[in-house]
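Everything on this sheet refers to the single structure shown next.
Hydrogens, waters and symmetry mates play no part in the numbers below; they use all other heavy atoms, side chains included. If you read the sequence from its start, that first residue is 1, and numbering goes on from there. Remember, predicted model here, so these are calculated numbers, not experimental data. Counting starts at 1 for both ligands and their atoms, following the listed order.
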Amino acid sequence: MTSQIDETAAARLIAELDRYRELPAKQQPSWPDAAAVERAGEDLALQPPLVFAGEADQLRERLASAARGEAFLLQGGDCAETFEAATADKIRDRVKTLLQMAVVLTYGASTPVIKVGRMAGQFAKPRSSDSETREGVTLPAYRGDLVNGYDFTEESRTADPSRLVQGYHVSASTLNLIRAFTQGGFADLRQVHAWNRGFVSNPANQRYESLAAEIDRALKFMDACGVDHTALTQTEFYVSHEALLLDYERPLTRIDSRTGELYDTSAHMLWIGERTRDLDGAHVEFLSHVRNPIGVKLGPTATVDDALRLIDKLDPEREPGRLTFITRMGAGKIRDVLPGLLEGVRDAGATPLWITDPMHGNGITTATGYKTRRFDDVMDELLGFFESHRAAGTVPGGIHVELTGDDVTECLGGSENIDEATLATRYESVCDPRLNHMQSLELAFRVAEELKRFSR
Ligand SMILES: O=C[C@H](O)[C@H](O)COP(=O)(O)O
Ligand SMILES: C=C(OP(=O)(O)O)C(=O)O
Ligand SMILES: [Mn+2]
């Protein structure tokens with residue numbers, strides 16, 4: 001009898017989840033072979049979950065503390081991960097960069113930092129145009145490794161459903177290494193100097209080294225006092241991606257045996273992009289049925305009404321940590337747009353976590369065709385974010401950035417002063433420009449200063 005009731009409840013949950021199938025889904029690939037998509041989905045549905053539902057619950061609690069101003073969220077990684085770059089060295093360098101930024105923020109602003117990678121699943125991209133033309137040849141746009149290849153040939157750009165399954169396996173091995181690094185001793189705070197090794201020496205590294213020396217002294221002091229700091233030997237590290245490709249997310253969504261509730265087990269946290277956040281669209285409907293913490297990007301056209309309706313749909317219980325608004329307004333607009341949004345949501349009594357993505361509103365294309373962003377614009381949007389929260393009396397809860405541990409030349413400026421001519425020397429992103437290792441550290445130091453000023 002019990003299992004009868006369980007089965008009925010499960011069938012009801014699944015039917016509710018599948019309502020999204022009736023709604024328009026933007027930014028989905030045109031798969032040439034529907035039967036192959038179905039087979040890929042069946043294969044994915046048999047695979048073990050990538051994350052445990054209990055971890056997603058734990059992240060929700062952590063995010064709730066950030067929304068109260070008791071912690072700060074650092075979410076970052078590639079714009080688009082690629083299968084090819086899922087190597088030990090590159091994963092390690094991204095994890096090290098995030099750990100270093102987290103240390104700078106934790107120590108600089110005396111705030112616990114919640115670390116969430118745009119990693120182990122950030123393989124699907126929304127695009128402005130369905131196609132791309134090069135020298136008179138037009139092919140489908142690159143939509144991320146989960147869909148098609150970056151090479152500009154007909155074969156590579158044709159959407160291939162077997163990539164859905166490959167993406168799962170690459171995510172699994174990436175996540176495995178992240179877990180090994182962060183739980184197995186690599187993230188031990190006593191390794192704070194070691195995380196800096198291997199990166200080319202530069203002013204941001206040197207500044208980091210002196211901060212690491214201070215931390216070392218503090219740890220030695222704690223040791224001398226007999227304080228047990230086993231808590232510092234491991235760190236929590238979560239993964240997230242944009243839940244764009246419903247053919248990937250749906251088969252990985254499962255009923256948790258502990259609670260009987262639905263979780264998207266492809267990542268701890270999922271977000272909805274600026275282009276797919278329509279209230280009546282498939283993405284919002286789909287994610288409204290899973291228990292993971294959910295993010296929604298809000299661009300400069302977002303209204304208070306949009307935000308309140310998203311809250312009603314995605315977080316009707318107003319559960320702490322459930323909903324994160326990731327604002328990406330652009331440096332020129334944030335001071336005009338964000339304060340009104342913050343006030344409107346505050347006046348409605350809702351307390352989502354507000355974080356800033358200072359990247360996506362600040363894209364420019366150079367005369368030579370490189371997509372880039374100015375480090376100064378990124379910083380200006382960050383400052384505008386803190387100013388807006390100060391004005392509204394709300395909590396600036398975190399940052400969401402596109403970065404890599406590599407010494408790429410994709411964003412302009414920073415203390416290396418990367419200029420337009422330099423972009424060509426090491427531009428490796430297959431989608432948006434990322435902060436390189438040094439720009440990432442520099443940004444962390446500046447944010448730590450702001451955060452410290454804010455908490456005073
Ligand atoms: O990452 C974000 C989007 O996918 C990206 O900015 C869209 O870029 P596009 O305008 O080149 O398509
Ligand atoms: C597509 C992205 O952002 P947005 O939805 O804000 O444009 C992204 O985060 O890569
Ligand atoms: Mn991007």
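A donor-acceptor contact under 3.5 angstrom links the side chains of Q100 and H437, judged on distance only. If you check the side chains of T422 and D419, you find a donor sitting under 3.5 Å from an acceptor. No hydrogens or angles considered: a donor-acceptor pair under 3.5 Å links the side chains of D264 and S266. Side-chain contact of N202 with E416: a donor-acceptor pair under 3.5 Å is absent, judged by distance alone.
The contact set between ligand 2 and E242, taken as ligand atoms under 4.0 Å from a residue heavy atom, comprises 1 (C). Short contacts between ligand 1 and H360, defined as distances under 4.0 Å to a heavy atom of the residue, involve ligand atoms 1 (O), 2 (C). Short contacts between ligand 2 and E402, defined as distances under 4.0 Å to a heavy atom of the residue, involve ligand atoms 8 (C), 9 (O), 10 (O). Listed by number with element, the atoms of ligand 1 under 4.0 angstrom from any heavy atom of C79 are 1 (O). Near R118, meaning under 4.0 Å from one of its heavy atoms, ligand 2 places the atoms 8 (C), 9 (O), 10 (O).
Closest to atom 4 (P) of ligand 2 among all protein heavy atoms lies K297 NZ, 3.5 Å. Remark: minimum distance from atom 8 (C) of ligand 2 to any protein heavy atom is reached at H360 NE2, 3.1 Å. Residue, atom and distance of the protein heavy atom nearest to atom 3 (C) of ligand 1 are P126 O, 3.5 Å. For atom 1 (O) of ligand 1, the closest non-hydrogen atom on the protein side is D432 OD2, 2.7 Å. For atom 8 (O) of ligand 1, the closest non-hydrogen atom of the protein is K371 NZ, 2.9 Å. At the top of the distance list for atom 10 (O) of ligand 1, counting protein heavy atoms only, stands S128 OG, 2.3 Å.
Below 3.5 Å of separation, one finds no N or O of Q122 facing any N or O of ligand 2. At least one N or O atom of K125 sits closer than 3.5 Å to an N or O atom of ligand 2. Ligand 2 has an N or O atom lying under 3.5 Å from an N or O atom of R328, backbone or side chain. Checking only distances, C431 never comes within under 3.5 Å of ligand 1, N or O to N or O. Distances between N or O atoms of R127 and those of ligand 1 include at least one value under 3.5 Å.
Of all the heavy atoms of E274, the ones lying under 4.0 Å from any atom of ligand 2 are found in both the backbone and the side chain. The residue Q27 has no part lying near ligand 1, judged by heavy-atom distances below 4.0 Å.
Summarising the contacts of atom 1 (C) of ligand 2 with G361, G273, P126, the nearest heavy atom is found in P126.
Separation of atoms CD (Q234) and CZ (F181) is listed at 15.0 Å; rounding is to 0.5 Å. Rounding to the nearest 0.5 Å places CD of E42 at 12.5 Å from CD of Q47.
Taking backbone and side chain together, C431 holds no N, O or S atom under 2.8 Å from the Mn ion (ligand 3).
A side chain to side chain contact (heavy atoms under 4.5 Å, CB included) with R118 is found for one member of H241, E402, E81 and no other, namely E402. Checking each of R373, R434, R426 against E410 for a salt bridge (Lys or Arg N to Asp or Glu O under 4.0 Å) leaves exactly one that passes, namely R434.
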Query - R163 vs F123, side-chain contact (heavy atoms from CB on, under 4.5 Å): CA-CA, chis, key distance, verdict - result: CA-CA 10 Å; R163 286 176 168 273; F123 290 118; over 6 Å; no
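Aromatic ring pairs are classed by plane angle as parallel below 30°, tilted from 30° to 60° and perpendicular above 60°; the pair F386 and F72 is parallel. Taking the six-membered ring for Trp and thresholds of 30 and 60 degrees, F325 and W354 have ring planes inclined between 30 and 60 degrees apart.
Under a 3.5 Å cut-off, the side chain of D306 and the backbone N or O of T303 do form a donor-acceptor pair.
Taking the Mn ion (ligand 3) as the apex, the angle formed with OD2 of D432 and OE2 of E402 is 130°, to the nearest 10 degrees.
A cation-pi geometry, defined here as NZ or CZ lying under 6.0 Å from the six-membered ring centre and within 45° of its normal, holds between R157 and Y150.
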